[in-house]
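Heads up, the thing below is written out as structure tokens.
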Amino acid sequence: MVRNIASGVLKHDHKHFEATRNATTSVKSISSDGQKLSYTTGKDKSNLFVNKSLNTGESTDLTVNVVTGVPKRQDRFGYQNINGGKVYNLSFCFPYLSDYRNGKWNYHPYYDAGENRNSAVSNFHVSFFAPKSYKVAASGQNTTKNGKTTIVANNMREVGITASNKFKVDHAYANGVRINDYYLASKNSKQYNKLALMTAQDSFHIFTKKIGKYPYKEIDIIEGLLGKDTGGMEYPGLIMIDASGFLQKKHPLDRYNELTEDVSHEVGHQ
């Protein structure tokens, strides 16, 4: 069973946000070794039951050709216009193999809050193309050349990607981990960048001491807008932070408190 989780995400969005209805997802084909495979979906259109039998110990490659539109929405999956530029948050939109346990495929229907993905820890190798004016942040370790970002994310459960033509980037280190802060130009950007990096460093020191070693070499912090009552979102090696207090008018003390709480909370998910 392959999960096209974007189907569930967009079904939710279309019901609750009228402006997202022009964004759709369509599976063009599923193939293996160059041979096109048939599949069924059942009641939940996110679930793709592929007609491919394997004996114990056998393996195969599946190619899933899918086209998904990105909705205009302040969310972990969506694009938005901020300070004269565009920010694309890409997560919960990539097909993945469902987790097979105890003789059955595991899945949860998509709902907007909480945990709803059953996916095994995997190694990801991604080629991501964007205009040269865009900076790309993603789970794992990334290199960009001539608009192509190569993403290597090993031992991760999923991959989150964010791209913007307005990102600035700063770095810090804690416990040998490189912390990359992708932030947006604004009159408060220096304050945001300094406080986000300091909070991440403090959090790494505390969590390493109290819980254990962070399992990856770096982490990306992404500034953006995530909508009402959402302080942030976590992925392996990448966290999205709602910085409405810095990008919009708000009392300084409130925005400082919110940022330190949100960054520390999302780092804690790691």
Side-chain angles (χ1 to χ4, degrees), residues 5-6 61-68 70 76-80 82-83 85-97 117 119-185 189 192-194 196-201 203-204 208 213-224 232-241 243 263 266-267 269-270:
I5 194 170
D61 292 329
L62 286 182
T63 299
V64 182
N65 183 355
V66 60
V67 177
T68 299
V70 183
R76 56 199 174 190
F77 174 45
Y79 81 91
Q80 54 195 290
I82 303 178
N83 293 352
K86 279 189 168 62
V87 178
Y88 289 85
N89 287 335
L90 304 177
S91 68
F92 292 14
C93 58
F94 307 118
Y96 60 87
L97 188 69
R117 281 103 61 225
S119 54
V121 170
S122 306
N123 294 335
F124 296 87
H125 189 280
V126 182
S127 296
F128 183 87
F129 297 87
K132 291 182 181 179
S133 60
Y134 278 70
K135 287 185 173 64
V136 178
S139 300
Q141 294 179 281
N142 320 313
T143 56
T144 299
K145 185 177 181 180
N146 297 326
K148 176 184 176 180
T149 299
T150 300
I151 301 164
V152 178
N154 291 333
N155 295 314
M156 291 189 170
R157 187 178 166 215
E158 59 190 337
V159 168
I161 302 174
T162 299
S164 176
N165 57 353
K166 288 294 180 179
F167 274 152
K168 294 185 173 183
V169 188
D170 198 4
H171 315 282
Y173 289 86
N175 297 79
V177 176
R178 180 182 169 108
I179 303 168
N180 306 309
D181 186 29
Y182 290 79
Y183 64 99
L184 298 158
S189 59
Y192 169 88
N193 176 50
K194 182 177 180 180
L197 287 175
M198 289 174 62
T199 303
Q201 286 177 306
S203 300
F204 265 91
T208 300
K213 186 179 178 181
Y214 176 72
Y216 310 116
K217 293 182 179 180
E218 60 183 74
I219 187 171
D220 295 343
I221 304 173
I222 313 299
E223 181 183 22
M233 184 62 199
E234 77 287 346
Y235 304 90
L238 182 146
I239 58 176
M240 299 175 182
I241 300 298
V263 170
E266 303 308 337
V267 169
H269 275 291
Q270 303 295 322

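In this text the structure is predicted, and so the values were computed from the model without any measurement.
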Inset, instruction - Quick one: pull up CG in Leu197 and CD1 in Ile221 and give me the separation to the nearest 0.5 Å. - result: 5.5 Å
Under 3.5 Å, sequence neighbours excluded: what are the donor-acceptor pairs made by side chains of residues 86-96?
{"unit_1": "Asn89", "atom_1": "OD1", "unit_2": "Thr162", "atom_2": "OG1", "d": "3.2"}
{"unit_1": "Asn89", "atom_1": "ND2", "unit_2": "Asp75", "atom_2": "O", "d": "3.0"}
{"unit_1": "Ser91", "atom_1": "OG", "unit_2": "Arg76", "atom_2": "O", "d": "2.9"}
{"unit_1": "Ser91", "atom_1": "OG", "unit_2": "Tyr235", "atom_2": "OH", "d": "2.5"}

Inset, instruction - Mind checking ring pair (Phe, Tyr, Trp, His ring centres under 6.0 Å) for Tyr182 and listing every partner two or more places apart, or none if nothing turns up? - result: Phe167
Legend entry - Ile82 CD1 to Ser164 OG distance, which is reported to the nearest 0.5 Å: 7.5 Å
Inset, instruction - For Phe77, enumerate each residue passing the ring pair (Phe, Tyr, Trp, His ring centres under 6.0 Å) test, keeping only those at least two apart in sequence or located in another chain. - result: none
Legend entry - Heavy-atom side-chain proximity of Asn193 to Glu223 below 4.5 angstrom: no
Inset, instruction - Please name the pair of heavy atoms, one in Tyr214 and one in Ile219, separated by the smallest distance, quoted to 0.1 Å. - result: OH-CB, 3.5 Å
Legend entry - Atom of Ala196, atom of Val263 and distance for their closest heavy-atom approach: O-CG1, 3.9 Å
Legend entry - Qualifying residues under side chain to side chain donor-acceptor pair (under 3.5 Å), relative to His171, sequence neighbours excluded: Arg178, Asn180
Inset, instruction - Determine which pairs satisfy salt bridge (Lys or Arg N to Asp or Glu O under 4.0 Å) with at least one residue from residues 157-173, sequence neighbours left out, and list them in order. - result: Glu115-Arg157, Arg117-Glu158
Legend entry - Nearest atoms (heavy-atom pairs only) where Ile151 meets Phe128: CD1-CB, 4.2 Å
Inset, instruction - Please examine the side chains of Ile239 and His269, heavy atoms only from C-beta on, and report whether any two atoms are closer than 4.5 Å. - result: no
Legend entry - Spacing of Leu184 atom CG and Asn83 atom CG [to the nearest 0.5 Å]: 6.5 Å
Review item, side-chain donor-acceptor pairs of residues 131-146, under 3.5 Å, at least two apart:
{"unit_1": "Ser139", "atom_1": "OG", "unit_2": "Gly160", "atom_2": "N", "d": "3.1"}
{"unit_1": "Ser139", "atom_1": "OG", "unit_2": "Pro236", "atom_2": "O", "d": "2.7"}
{"unit_1": "Asn142", "atom_1": "ND2", "unit_2": "Ala138", "atom_2": "O", "d": "3.2"}
{"unit_1": "Thr144", "atom_1": "OG1", "unit_2": "Thr149", "atom_2": "OG1", "d": "2.7"}

Legend entry - Validation row: Phe204, Val267 side chains within 4.5 angstrom (heavy atoms): yes
Legend entry - Gap between atom CD1 of Ile179 and atom CE of Met198 - 0.5 Å precision: 12.0 Å
Legend entry - Point-to-point distance, once rounded to the nearest 0.5 Å, from OG of Ser189 to CG of Asp181: 10.0 Å
